[in-house]
Amino acid sequence: MNYIDQEDALNYAIKEKLGSNAKYHIMTYGCQMNEHDSEKISWVLDQAGLQATDQIDEADLILLNTCSIRHSAENKVYGKLGELKAKKRERNLIIAVCGCMMQRKESRELVLEKFKQVDIIFGTNNIHKLPDLLLQHLETGDRIVNIEHSFQATDDQLWANRYFSYKSFVNIMYGCNNFCSYCIVPFTRGREVSRPSKDILEEVQTLVDSGVLEITLLGQNVNSYRPGLEGDYNFTRLIYDLAEIQGLERIRFMTSHPKDISDELLKAFKDLDKLCNFLHLPIQAGSNRVLEKMNRKYTREDYLRKIYRLRDLVPDIALCTDIMVGFPEESEEDFQDTLDLVREVEYDAAFTFLYSPREGTKAARNPNQVSQEIKKDRFDRLLDTMYPIFEKKNKALIGKTLDVLVEGESKHNGRMLSGRSDGFKLVHFEGEKDLIGKIVPVKIQEANSFNLGGERIHD
Ligand code: SAH
Ligand code: SF4
Ligand code: F3S
């Protein structure tokens, strides 16, 4: 795809229709995959001569990059589209909706029918086509809908406007083949496709050359990374190859599936200084009966074995997980298994969810759904169990010195900076703004369930 040609045509059309300073505003819902897609969308629009704005009222084009993972995620988008209806009555505005919701026929049709003010709809596999679609809309005034159901190699040629200069997301694969029985992602993102390792290594080298210190490799299940035509090349080999890149300080990845995480990858945490001592390993539920119904393909014993093996190799590894309560047929006893597992593993952090039935998935067809009241009660009890554990783990760091990649000024206090430790702990400390984007040692003095406070050590 040649952006230069498009840029001319599009620039001309936009200038004619919208004036010479056309601005866009992107609202992103959902996971890191979507955040990174928004960075790509932003780059594509910049190439087409538009400018980003964080002020919604200044924007000529508003894009909603949507998520389908839970009912609540979709509802947020419907709510926002309702608000935009009024804005569009007041002024000339183009509204585009993209992302996972638009990959689903049901949500797409609902948007088409109920929100007539939406001008452009596209999916997760055709970001590269956005300038074309915008041009078509500007020329015809028609509503433009363009969805591709499988991954398009052209999308892999896109660059991205990284929101941070010192840390970046890098896709290593797209889609998911696992079909966990509750999950919509295989339906929205399609089947797994791994990027060639050469492309990933080149992208990371370019990022590091521009000053990036930390990369987060993205995939729904990074452990099944298998680039075609590269023999037995796999995720662990990719990590070792990336660790060779001079100037790259930190490697993170997400997400890892417990059934596929290999011993060689666990060993890499010990071998490689650059691989951060942090693992996000979603368990989802502690009961084997529920895990089987979820189609997760591991037992709690398999999971715990991997955790113990990793803790043997790297005793201070920080562990994070995803847990869902109220999966169909989950009994009180099943839920107690989840609480037991949480107490046994002692996670550092967790993402917790109320199970949300997603149309088209197997679990949504189960007639024995758990009531919302029980889900909420279990959710509260889960948090009551987890928060003291997070606090205990964080308090154990008091007195230790952690290397912190400084990300910005603290939201609550302008004199304070905040950043992330190697173990992904949020650390606040006093310091000057010129430290942003640097890795500095911080001695931890206080801690609660969610963050740490400390003092910068001058070496
Ligand atoms: N690929 C990642 C997860 C992506 S979705 C993995 O397998 O780990 C992120 C999290 O959302 C999941 O781990 C799960 O805990 C949660 N989730 C997915 N579908 C859900 C649903 N239908 N209801 C509630 N939570 C859900
Ligand atoms: Fe969804 Fe399971 Fe795939 Fe994760 S591994 S994206 S939870 S189907
Ligand atoms: Fe991510 Fe939501 Fe899609 S979690 S992959 S944006 S459904």
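Bear in mind the structure is a predicted one, so any value in this text is a computation, not a measurement. Start at 1 and go down the list; that is how both ligands and their atoms are numbered.
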Evaluate the criterion ring-ring contact (aromatic ring centres under 6.0 Å, His included) for residue pair His280 and Phe351; output intermediate values, then yes/no.
-> CA-CA 10 Å; His280 181 192; Phe351 296 94; 5.5 Å; yes

How close does the nearest protein non-hydrogen atom get to atom 5 (S) of ligand 2, and which residue and atom is it?
-> Asn178 ND2, 3.4 Å

Distance-only donor-acceptor check, side chains His71 and Glu74, under 3.5 Å = no

Atom indices of ligand 1 within 4.0 angstrom of Tyr355 heavy atoms, with elements = 23 (N), 24 (C)

What is the closest protein heavy atom to atom 7 (O) of ligand 1, and at what distance does it sit?
-> Arg296 NH1, 3.6 Å

With a 4.0 Å cut-off on heavy atoms, does Arg296 reach ligand 2?
-> yes

Return the residue, atom name and 0.1 Å-rounded distance of the protein heavy atom closest to atom 19 (N) of ligand 1.
-> Tyr182 CD1, 3.3 Å

In terms of atom number and element, which parts of ligand 2 are under 4.0 angstrom from non-hydrogen atoms of Phe179?
-> 8 (S)

Heavy-atom nearest neighbour of atom 1 (N) of ligand 1 within options Gln220, Gln32, His71 | Gln220

Electrostatic pair Arg250:Glu214 at N-O distance under 4.0 angstrom | yes

Are the charged groups of Arg381 and Asp377 less than 4.0 angstrom apart, N to O?
-> yes

Are any of the side-chain nitrogens in Asp60 or Lys23 under 4.0 Å away from the carboxylate oxygens of its partner?
-> no

Are Phe353 and Phe379 close enough that their ring centers fall under 6.0 Å?
-> no

Ligand-side contact atoms (ligand 2) for residue partner Pro186, heavy atom cut-off under 4.0 Å | 8 (S)

Verdict with reasoning, Asn65 to Ser38, per side-chain hydrogen bond (donor to acceptor under 3.5 Å, both in side chains) | CA-CA 7 Å; Asn65 190 4; Ser38 288; 3.0 Å; yes

Can you tell me the protein heavy atom closest to atom 1 (Fe) of ligand 2 and the distance?
-> Cys183 SG, 2.3 Å

Metal site atom 3 (Fe) of ligand 3: N/O/S of Cys67 inside 2.8 Å | no

Passing option when Tyr182 is tested against Lys362, Arg296, Arg358 for side-chain hydrogen bond (donor to acceptor under 3.5 Å, both in side chains) | Arg296

Answer yes when Asp302 and Lys259 have at least one side-chain N-carboxylate O distance shorter than 4.0 Å, and no when they do not.
-> no

With atoms numbered from 1 as shown, which atoms in ligand 3 lie under 4.0 angstrom from a non-hydrogen atom of Cys31?
-> 1 (Fe), 4 (S), 5 (S), 6 (S)

Could you tell me which atoms of ligand 3, counted from 1 in the order shown, lie closer than 4.0 angstrom to a heavy atom of Gln220?
-> 5 (S)

Protein residue, atom and distance nearest to atom 5 (S) of ligand 1, heavy-atom basis | Ile69 CD1, 3.5 Å

Which of the atoms in ligand 1, numbered in the order shown and given with their element, are less than 4.0 Å from a heavy-atom of Leu354?
-> 23 (N), 24 (C)

Can you pull out the closest protein heavy atom to atom 2 (Fe) of ligand 2? Residue, atom name and distance to 0.1 Å, please.
-> Cys180 SG, 2.3 Å

Note: Glu249-Lys274 ion pair, threshold 4.0 Å (strictly below) | no

Just need the protein heavy atom nearest to atom 3 (Fe) of ligand 2, so name the residue and atom and give the distance.
-> Cys176 SG, 2.3 Å

Protein residue, atom and distance nearest to atom 7 (S) of ligand 2, heavy-atom basis | Tyr182 OH, 3.4 Å

Going by the atom numbers of ligand 3, which of them fall below 4.0 Å from some non-hydrogen atom of Cys100?
-> 3 (Fe), 5 (S), 6 (S), 7 (S)

If you measure from atom 17 (N) of ligand 1 to every heavy atom of Arg358, Met294, Met254, Arg70, which option wins on shortest distance?
-> Arg70

What's the shortest distance from atom 22 (N) of ligand 1 to any protein heavy atom, and which residue and atom give it?
-> Ser356 O, 2.8 Å

Atom 14 (C) of ligand 1 sits nearest the protein heavy atom Gln284 OE1, 3.4 Å

